[in-house]
Amino acid sequence: MSDLIAKALEVLHEGGLVAIPTETVYGLAADASNPEAVEKIFSTKGRPSGHPLIVHIAQATSSDELSDDAWRELLLPWVRDISPAALALAKAFWPGPLTIILPKAKSVLPQVTGGQDTVGIRCPRHPVAQDLLARFHGGLAAPSANRFGRISPTSAEHVREEFADQHIMVLDGGPCEVGIESTIVDLSRWDQLGYVILRPGAISAEMIQAALLGAQVEMPHQISQQLDINQPRVSGSLSAHYAPRTKMFLYPSGQLASVLPSALKSKNKLAWVHFPSEASVDLDYLKTQKINVVEKILPTQSDELARQLYALLRQLDQENYDGIAFEDLPTDSAWDAVKDRLGRAVVGSGS
Ligand code: TXA
Ligand code: MG
C-alpha cells in the first residue's frame, strides 16, 4: 500500500479530513459515520449546515451475475429499500460520475443528510478514490473541496489554493477526467414526482432513461413547482454557484459588439472567451473602442469544455480582468451540464 494512502486512512480514522481526487472534481472527505469529522467539513468549507453531503462507497468486485447482491451489500449500511431501479443504475454507471438519491437507512447521521430522510450515494471511479475506499471499509462523506459557493477544484493545486491557510492532506490524483460534478438523480420520490435529475452531469438523462428501460426521467425545470424551493435540497441548485470573482457575462454568438456593457467600453481589460468559429469583426470593434482584449478560444466538444471549464474560470479570475465576455454555448442537449455550471458562474460572478 502506498505510504500516502496509509497516511490518509490514518487521518480519516482519527476523524480528520483528506482531500481526494475523483473523476469529476476533488472532494473534501471525512468518515461518514463520525459526526465530529462530518462537522469539520462544514466548518472548513464555510458551508451552511442543512446542505446534505454525498456518501462515497467502494465498488462491487464480484462478477456480473452476482453484482446485484454485491451492490445490495454495499448499499445496505446507507439505504433503506434498495429498489430495482437503484440496482440497475449502480450496475450501469458505477463506478462513475452518478449520484443516486435514495431513502436513507436509520443509522445514517443527520449531519450527512441535512436532516432529510434521503441520502445521496456515489461510487467514484478514480483509482485513487477507489483504492482508498476499498481499504477504508466504510463510507466517505465528501462535498467538492472548495469554499462554499466557489469554483470546484479539478486539480490538487486548486485544492491547496482554496485552503492555503489550513493544513489539509491532499491526495494528488492528477487533473480530473470529467471536470464537472456528478449527475444527481433522485429515485426517492418516484411515486410522487417520478425519476428526477437534480443536477445535470456527464451521465445524461437519456443514458439514465435507457438504463431504466425507458422509464420517464424528468429535468428539474419540468417539476419545479412541485419541489419545495425554500429547502435547498441541492446546494448546487442555488442559482449563484461555482462563481469567479470577476464579473462575467454571456453574449449571443456574433453579437458581442452590440451587447457589450458600457462600463467596459473605455480602456478596460476584457477577457473574450469564444469558439473558433466566432467572427473577428468583434475584435476590430473592440480595438476601435481602445479596449484591451485578451482572447481565449474554447474547445468545440462539450466534454472537453467540461474538463477544462473550472481551471479556465480560476485562471480568468487570477488574470485580473475588468470583465469576462463569454460566448453562449450551443443549444443542443450535449451542452446541458456545462451550460448549467456556466450559467451559475455568471449569476454568482463579481461578488
Ligand atoms: O461529483 C461530485 O458529486 C463531487 C465529488 C467530490 O464526488 N461532489 C459534490 O459534492 O459535488 P457537493 O456537496 O459539492 O454537491 C453535492 C450536491 C449538493 O448540492 C447536495 O445538496 C446534493 O448533492 N445532495 C446530497 N445529498 C442529497 C440528498 N439527500 N437530497 C438531495 N440532494 C442531495
Ligand atoms: Mg460543491
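Whatever order the structure lists ligands and atoms in, that order sets their numbers, starting from 1.
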Practice problem: Would you please determine whether R122 falls within less than 4.0 Å of ligand 1 on a heavy-atom basis? | Solution: yes
Quiz item: Among the heavy atoms of I184, does any lie under 4.0 Å from an atom of ligand 1?
Solution: yes
Practice problem: Please collect all salt bridge (Lys or Arg N to Asp or Glu O under 4.0 Å) contacts where either partner lies in residues 286-302, sequence neighbours excluded, each pair once. | Solution: K296-E319
If you measure every N/O of [X] against every N/O of ligand 1, is any gap under 3.5 Å?
X: S182; answer: yes
X: R47; answer: yes
X: E181; answer: no
X: R199; answer: yes
X: K45; answer: no

Going by the order shown, which atoms of ligand 1 are within less than 4.0 Å of some heavy atom of [X]?
X: G27; value: 6 (C)
X: V119; value: 29 (N)
X: T118; value: 28 (C), 29 (N), 30 (N)
X: T24; value: 1 (O), 2 (C), 4 (C), 5 (C)

Quiz item: With no hydrogens and no angle check, is any side-chain donor or acceptor of E218 less than 3.5 Å from a backbone partner on L193?
Solution: no
Quiz item: So do the side chains of F249 and L256 get within less than 4.5 Å of each other, counting heavy atoms only?
Solution: yes
Quiz item: Mind checking whether I82 and W71 have side chains closer than 4.5 Å, heavy atoms only?
Solution: no
Quiz item: Would you say the ring centroid of W272 lies under 6.0 angstrom from that of Y285?
Solution: no
Establish, from distance only, whether the side-chain atoms of [X] and [Y] form a donor-acceptor pair under 3.5 Å.
X: S144; Y: E181; value: no
X: T154; Y: R307; value: no
X: R122; Y: T24; value: yes

Practice problem: Verify the distance test for S144 against the Mg ion (ligand 2): any N/O/S atom under 2.8 Å, yes or no. | Solution: yes
Checking contacts here: is it the side chain or the backbone of [X] that comes within 4.0 Å of ligand 1, counting heavy atoms only? Could be both or neither.
X: D186; value: neither
X: H56; value: side chain
X: K104; value: neither

Quiz item: Is the NZ or CZ atom of K45 both under 6.0 Å from the centre of the six-membered ring of F148 and within 45° of that ring's axis?
Solution: no
Quiz item: Do NZ/NE/NH1/NH2 and the carboxylate oxygens of D69 and R72 come within less than 4.0 Å?
Solution: yes
Quiz item: Which residue from G50, G120, P52 reaches closest to atom 24 (N) of ligand 1 through any of its heavy atoms?
Solution: P52
Quiz prompt | Heavy-atom proximity to atom 16 (C) of ligand 1, best of V112, I100, I54 | solution = I54
Quiz item: Any side-chain hydrogen bond (donor to acceptor under 3.5 Å, both in side chains) pairs touching residues 163-175, not counting sequence neighbours?
Solution: R147-D165
